[in-house]
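Here is the structure we will look at.
Values reported hereafter were calculated over all heavy atoms of this structure, with side chains retained and with hydrogens, waters and symmetry mates removed.
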Amino acid sequence: MEQKIQERIATAENAAGEYFKQGLNCAECVFQSCLDMQNLNLPKEVIALASGFGGGMGQTRNTCGAITGAILALSALKGRNPFEKETPKERIQQLQEVYIPFKEMVQEIEQQYGTLICRELSAPHGDFAGKARKQNCKQMISYCAGLVVKYAEQNDSY
C-alpha cells in the first residue's frame, strides 16, 4: 500500500483511539474518525446515527459496535443513492456490486479477531468495565477505523 494511504490509515486509527478516551462509544469513535477525514458536508449531529450501535448494539454485546461503526462510516463514504436507478430491478442488481467492499471489510475483521460478537471479543479480558477490556476495545476501534480508510481508498469506483 502506498505511503499516503498508510498515513491516512494511521491518522484514522489514532483519531478513533482518542475519541474512545473522550467518552465516545465504539461505533461513534469509528464513525467520527472517518467523518473527520472526509469532506462530506454532513452536519455534526450525524454522529447520533452511531449511538445505538455501541456496546454491541445497545449494550446487548451482540455485533461489535466498532464493526457496525465501520459499516456506517464506509456507507457514508461509499454508499449508494438507490434513487439514481429508475427501476427496482436495477436497484437490486446494483446491490451485488455495492456490497463487495462491505463484505470484504467484515470478513477481514472476522479473520483478524475470529468473531464479530462483542461478548466473545471482550470475554477474555475479564470485567466489561475493566481496564483490560477497554484497552482491547480501543485497539479494535482503531483497527476498524483504519480499515474504513483502506476500503474507501480501494473502492474509489462507486
Distance, nearest 0.5 Å, that separates CD of E90 from NZ of K85: 6.0 Å
For E110, side chain to side chain contact (heavy atoms under 4.5 Å, CB included) partners two or more places apart: L116
Test side chain to side chain donor-acceptor pair (under 3.5 Å) applied to Q135 - qualifying residues, sequence neighbours left out: none
Evaluation steps, salt bridge (charged side-chain N to carboxylate O under 4.0 Å, His left out), between R80 and E97: CA-CA 10 Å; R80 71 179 180 144; E97 183 179 331; over 6 Å; no
Selection residues 13-34 - residue pairs positive for salt bridge (Lys or Arg N to Asp or Glu O under 4.0 Å), sequence neighbours left out: E18-K21
Non-hydrogen atoms of T60 and G56 that approach each other most closely: OG1-O, 2.7 Å
Would you give me the side-chain donor-acceptor pairs under 3.5 Å for residues 126-133, sequence neighbours excluded?
unit_1: D127; atom_1: OD1; unit_2: A129; atom_2: N; d: 3.4
unit_1: R133; atom_1: NE; unit_2: F128; atom_2: O; d: 2.5
unit_1: R133; atom_1: NH2; unit_2: F128; atom_2: O; d: 2.7

CG on L121 to CD on Q139, rounded to 0.5 Å: 10.5 Å
Side chain to side chain contact (heavy atoms under 4.5 Å, CB included) involving A73 - partner list, sequence neighbours excluded: F31, C34, V148
Residue pair K89 / Q93, side-chain heavy-atom distance below 4.5 Å: yes
Spacing of CG belonging to D36 relative to CD belonging to Q32, to within rounding of 0.5 Å: 4.5 Å
Any residue meeting side chain to side chain contact (heavy atoms under 4.5 Å, CB included) with E120, in chain and number order, not counting sequence neighbours: T115, I117
Side chain to side chain donor-acceptor pair (under 3.5 Å) involving Q38 - partner list, sequence neighbours excluded: none
Within 6.0 angstrom of E86 CD, more than 12 heavy atoms from elsewhere: no
Under 3.5 Å donor-acceptor, N62 side chain and M57 backbone: no
Step-by-step side chain to side chain contact (heavy atoms under 4.5 Å, CB included) determination, E108 to Y113: CA-CA 9 Å; E108 187 169 339; Y113 289 97; over 6 Å; no
Intermediate values then yes/no, side chain to side chain contact (heavy atoms under 4.5 Å, CB included), C144 and I67: CA-CA 6 Å; C144 288; I67 298 165; 4.2 Å; yes
CA sep, side-chain torsions, deciding dist, call: Y151, F102, side chain to side chain contact (heavy atoms under 4.5 Å, CB included): CA-CA 8 Å; Y151 281 89; F102 299 96; over 6 Å; no
Heavy atoms of other groups near N81 CG, more than 12 under 6.0 Å: yes
For the student: nearest non-hydrogen atoms of A152 and L77, plus distance: CB-CD1, 3.9 Å
Spacing of CZ belonging to F53 relative to SG belonging to C64, to within rounding of 0.5 Å: 12.5 Å
Connected via hydrophobic side-chain network under 4.5 Å: I100 and I92: no
Stepwise side chain to side chain contact (heavy atoms under 4.5 Å, CB included) test for M140 and I109: CA-CA 9 Å; M140 185 157 187; I109 295 166; 3.7 Å; yes
Non-neighbouring partners of K4 that pass side chain to side chain contact (heavy atoms under 4.5 Å, CB included), sequence neighbours left out: E2, R8
From L147 atom CG to E104 atom CD, the distance as rounded to the nearest 0.5 Å: 11.5 Å
Minimum heavy-atom distance between A27 and A50, given as atom pair plus value: CB-O, 3.5 Å
Under the side chain to side chain donor-acceptor pair (under 3.5 Å) test, residues paired with Q112 that sit two or more places apart: none
Side chain to side chain donor-acceptor pair (under 3.5 Å) against R91, all qualifying residues, sequence neighbours excluded: none
Hydrophobic cluster of L24, others only, ordered by chain and residue number, side-chain cut-off 4.5 Å: Y19
Any I9 side-chain heavy atom under 4.5 Å of I5 side chain: yes
Residue pair A12 / V149: nearest heavy atoms and the distance that separates them: CB-CG2, 3.5 Å
Smallest separation among heavy atoms of I141 and A16, with atom names: CG2-CB, 3.6 Å
